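Presented below is the structure to which this report refers.
All heavy atoms count here, side chains included; hydrogens, waters and symmetry mates do not. As the structure is a computational prediction, the values presented were derived from the model and not from experiment.
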Amino acid sequence: MRLKTRLLLSFVLLALVPIAIVLPEARAQLRATLEQELDKRMRSAETATVADIDQRKRDVRETMDRLSDSEAMERFAKELHANLTPSRLSATAQQLIRVRLLSVLSVLDEKGITILSGHLPARRGDPDPDLFAVTKVQDPDPKVVLVEVRGDSGLKKMPALVTARQVEYGEMKLWVVGGVLLDESVAQHLADLTGTKVDISTPAASYATAGKALPPLIERQVPVLSSEVTTTLALSRATVAEAERVVLAAVLAFAALGVFLALVLALWQSRVITRPVEALTEGARRVAAGDLGAKVEASAQGEVGALVETFNRMTSDLRRTTDNLVAAERVAAWQEVARRLAHEIKNPLTPIRMSLETLQAASADNNPRFPALFKESAAVVLEEVDRLKRIVDEFTRFARLPKPQLQDLDLEDLVKQVCTLYAAPPPGISLEPALETGLHAQGDRDQLTQVLVNLVKNAQEAMPGGGKIWVRARSRDGQAVIEVEDTGPGVKPEDRTRIFEPYFTTKGAGTGLGLAIAARVCQEHGGTLEVDGEPGKGAIFRVTIPRQASAASAA
Amino acid sequence: MSLSGALSREIDPTLRSGHSPARSAHVSSTRSAARALLVLSLFLTTSDALAAGRPRYGGTLRVALASPVAEADPLSIDRPETAALAALLAPPLCRLDPQRGVVPTVAELTHPQPNRVQLLLRGGGPRRASDLAARWSTLSQPGAFSPYRALLAPLRGITAAAGTIDAALAFPWPDLDRSLCHPALGFTDGGPYTAPTPRAPYLANLSFPEGRPFPDRLLLTTGDDRRSARLFATRQADLLFGAAPDEAQPPPAAPAPALFATYLVYRSAHAGTELRTVLEQSVDAQDLVQRFVTAPAVPMTQLLPPALMGGAAAPPAAFSGPAPRAPARELTLLYDAALDEHRAVAERIQVRLHDRGYKVALKPVPRAELGARWATGDFDLLLQSLLLPPAPAAALAVTMELAGRHDLLAVELTGLGSIADGAARDARARERAASLRASLPLLPLYARAPEVSASPTLQGLRSDAFGLPMLDQVFLSQE
C-alpha cells in the first residue's frame, strides 16, 4: 500500500473511530431518555384517565341522586301512575335525559321490565336483565354495564357507567337506572385530554376508539372501569424512533462532514508529506537506472528535508566515487590487460629467443646441424609470431569493438543461421533450437552472430565427450532473451564473477577474450550477458537485449 | 247572508249536495212551501235558542295540529289529519257519507253504458277535466309511486273532453263509485278553501261548487303534542288534530272508522324466505298499539282493518315464544322521516328483529323518496300507511297494490266485481283478504282513525265514510 493511501486511511480512521466509539453509547443514552419521557407521558395519561373516569362516576352518582329526589321524577311517577300515553312519558324520559346530560336512562318495574327507556325507547315492555342487575348492587357508585343502544346498522352493546335508584310513588315502586355511555365521545375526550390513542373494549370487542398512534405502540391498560371492560391507552413509539432517527441522522451527517474534512486534510497533508518521498523514490530509481548524479528537488521540512539533503549529498558523493572508481577500474583493467597481454606476449617471446639463441650458438659452433636447426627454429619463431599476431588481433578487436549498427533483426532467423553453421556438430553433440516466432529486436547482426557463435562454440568445447545444446529465443518483459544451454560441467560459482573478464579462461587454449567481447557486445546493445546453471549439470548463457533501441545502445 | 238564506242551507242540505241543476230546481220548488211553514214556526221560537245551533258564516276556525303537514298532496297522505286538511284545498270528487252514501261534490259519476263510465265535473271546464285525466293516467303508470292506482284498475282508455271524463270498464266493478271518492283521486286544487301562500291562513273559496264554507278563514297552528293540547285547553284552538287533549273528552257517539292502516312491506328476495315467519312471531301488533302508537289505534290481525273485516274471526296470533335465532342477516327498514309514530314503530320492529338475530338499520327518508323506493322495489323493509277505502274489495285492491302484486288485481277484482250484491261482494272480499294474508309480502300492523277533538264552539263536525272529519261542513257557534 502506498504511503499516501496509508496516510489517507489513517486520517479517515482518526476521524471515524471516535465517532464509532461514541455513537452507540450516545444512541443508547438518547433512547433511554426518550423512553423515560414516553413512560412519564403514559403515567400522566393514566392518571388523567383515572381522574376523568372517577369524575364521571361522581357526576353520574350526583345526577342520579338529584334525579331520584327531583320534582321532575315525582311528576314522571305521577304521570306513570296516571297511565298517561306512552308518548308523553317517553317525552318526559327524553327530557330528563337531555336536562340531566345522561345518555342512559331507563325506568324498570320491580320485575325488571322496562317501563320506559330514554336511550332505547323501543324496549318498552321488554325485560332488561343487564340494567336490572345494577339494581341489585348495594354500592351507589356507578358500575360499568354493557347497555343496548341503537347504532347506524342496528342495535349494539355499549359500555356505560350506570347506577340505580329506587323511586316510590304510593304503592308503585320503580327503579330508575341511569348513567353515561362510554362511547366515542368519551374516548375522544380522553384522547384529547391525554394525547393518546384510547380504546374502550372487552376481550371480545372494541367499543370506542379515538385518537391516533402510529405503531410501534406502548400500551397500558387502565384498571378504572371493570374487570371486563377496560380502557387501553396507547402511545406511539414512532416519536421515539423518529427522534432517534433524526439525532442519528444529524450525528451521521456531522460524522460524514468530519470524515470529509479529514479526507481533505489527509489529502493535503499526504501530498505535503509524500511529494518529497516520491521525489526521493524517483531519484533512487534514476540512480538505479544509472543516473548517479540524480538530484531530488523537493521542498521539505524536518526529517524528510534532512533525508532529501542527505540523498542529494549521497548522489554527489556516489557520482564522484563512481567516477573515481570507474577511472580506477579502468586503470586497473588496463593494468590487468597490460599484465595479461604482457604475459601472453612473453610466452611466445621465450621460444623465439631460445630458438634464436640456439641458432646463434649453432652458427658460432659451425654446427653441421645448423640448417636443420635453422629450419626448426624458424618454424618455431614463425609459429610464435603467428601466435603473437593472433593475440594482437584479438586484443585489437576487443579494444576497438565498433559501435553496433542497430537494425530490426528477426532473432529467429538470426539464431537459425547460427544453428546452420553447426548443422553438422561433432559426434555425440546435438543442437536443438527452440525459437519464438516473430521475435524481433534492435541489434547489430554481425556482432550478435559473433556472440551466439562464441557461445555455441564454448558449449561444444565444454562437452568433449558429447552432450546436448539448446538454443532458445523468446521474449520476456519487453526484452529478447537468447539462451544457450549445455549439458557440460557448468561454470564454477567462483568463476562466474570473472568469466566475462578479458583473458580469463578455463580452457587450456584460447585467449580468454571471447566471452569478454560477447559481454561487451551485449552491453553496447543495452543488454546483458549472464551465466547460470548448476555446477556439474551444465551452463546456461543468457543474452538479454531490449527489443527496442535503448538510450545506452543509442549512445 | 240573510236569515232565510241561512235557514235554507239548514233546512235544505241537498242544495249544497251538488245535484244537477234540473233536479235542484224541482227539489227547491217542492220544498218552498215547507220552507215557508218552517220559517213561520221558527219565528215563533225563542231567537236565543235558535241562534245557539244555527250555522253562521264568518269567523276563523283555529286548528291546532300536533305535527306539521309537509304538503297537501292527496297522494302523499301520511296521516289522517293530512287527508282531512288536504280535502280543504284539493277536494275529492265526491263525498262518501256514512248514511247517505256517495254524495257528488265536484263531480258526478254516471254509467252511460254498462261497460263505460262518465264523470261530469262541476265548476270546471275542459282544462280541469284534462288535468284530472292526465293525473289519473300518470297514477296508473307502472312507475308511479302510489298504491291508490289500484282504485283505477278497472278503467281503460281514460279520455277527457268538455268537462267530462270518459273511460271504459275492463270488468264490472260496482265499488267504483265509492272508490272514486278517495281523496287521492281528486283534484289538486279548487277546494272549499284556498291557501295564498303555504303558511298563510286558508281562505274560504266563495266559488266552491258545493257552496262556500261557513268560516271565512282557517288558521293552522302546528306544534308538538303538549303545545297543541295546551292551545286547545286554553281555548286558543277550536279543533285539536293529532293529539289527545289534556282533559278527558267524552267518546264520540259515532266513532270514526279506523281505515288508516299501517303495513310493514318487505321484499322476500332481499329479506329471505324465513323473514315472514320471524315477523309473525316477533312483531306483536297489540304491543305496538299499546306502547308505541301515540294516536288511538287498533291492532290489525287481518289483512284489512277490523272496520272492514266486519268482525270476521282473526287467525290465532303466532306468538309462540322466542324463536331460535336465525343466522345474522342485515336489513334496512325505511320509514317516513316526518312521522314520529313511524319512527317509534320502526324502532320497535328493529328491536324485535334484533332479538331474532337480524341486524336492522333504520333509515328515515323523505316521503317522496319512500314512495319512489317502494315503486322501484328498492328496499328490504318499508313502513307504509294508507287511507283505505271503506269498501273491502277496493281496500283489498289497494293492499295488493301496496304489496307489489299488481298482477293479482285483474284476477281478484274481476272475481269480486262479478258479484253484484254489495254484502255478498264484501263478504267475498273478506274471504279473499283472509286467504291472501299469508301470501302477500306485507305484515298488517295497526289501523288508526283521525284523532280529533272539538271545542264547544265548533259545531257540525262529522266524519265521512273514510273516517275523515268533514271540516268544510263545520261552523262556529256564536258563543
Inset, instruction - State, to 0.1 Å, how close A/V145 and A/D130 come at their nearest heavy-atom pair, and which atoms those are. - result: CG1-O, 3.9 Å
Inset, instruction - Answer with side chain, backbone, both or neither: which region of B/V360 has an atom nearer than 4.5 Å to a non-hydrogen atom of chain A? - result: backbone
Inset, instruction - Name the option with the most non-hydrogen atom pairs under 4.5 Å to chain A; the candidates are B/R352, B/E347, B/E341. - result: B/E347
Inset, instruction - Test side-chain contact (heavy atoms from CB on, under 4.5 Å) on A/V222 and A/T232 and set out the steps. - result: CA-CA 6 Å; A/V222 182; A/T232 304; over 6 Å; no
Inset, instruction - Please list, chain by chain and in numerical order, all residues satisfying salt bridge (charged side-chain N to carboxylate O under 4.0 Å, His left out) with B/D340, sequence neighbours excluded. - result: B/R343
Inset, instruction - Output every pair passing salt bridge (Lys or Arg N to Asp or Glu O under 4.0 Å) with a member in residues 46-56 of chain A, not counting sequence neighbours, ordered by first then second residue. - result: A/E46-A/R220, A/D52-A/R56
Inset, instruction - Pick one of side chain, backbone, both or neither for A/R123, based on which atoms fall under 4.5 Å of a heavy atom in chain B. - result: both
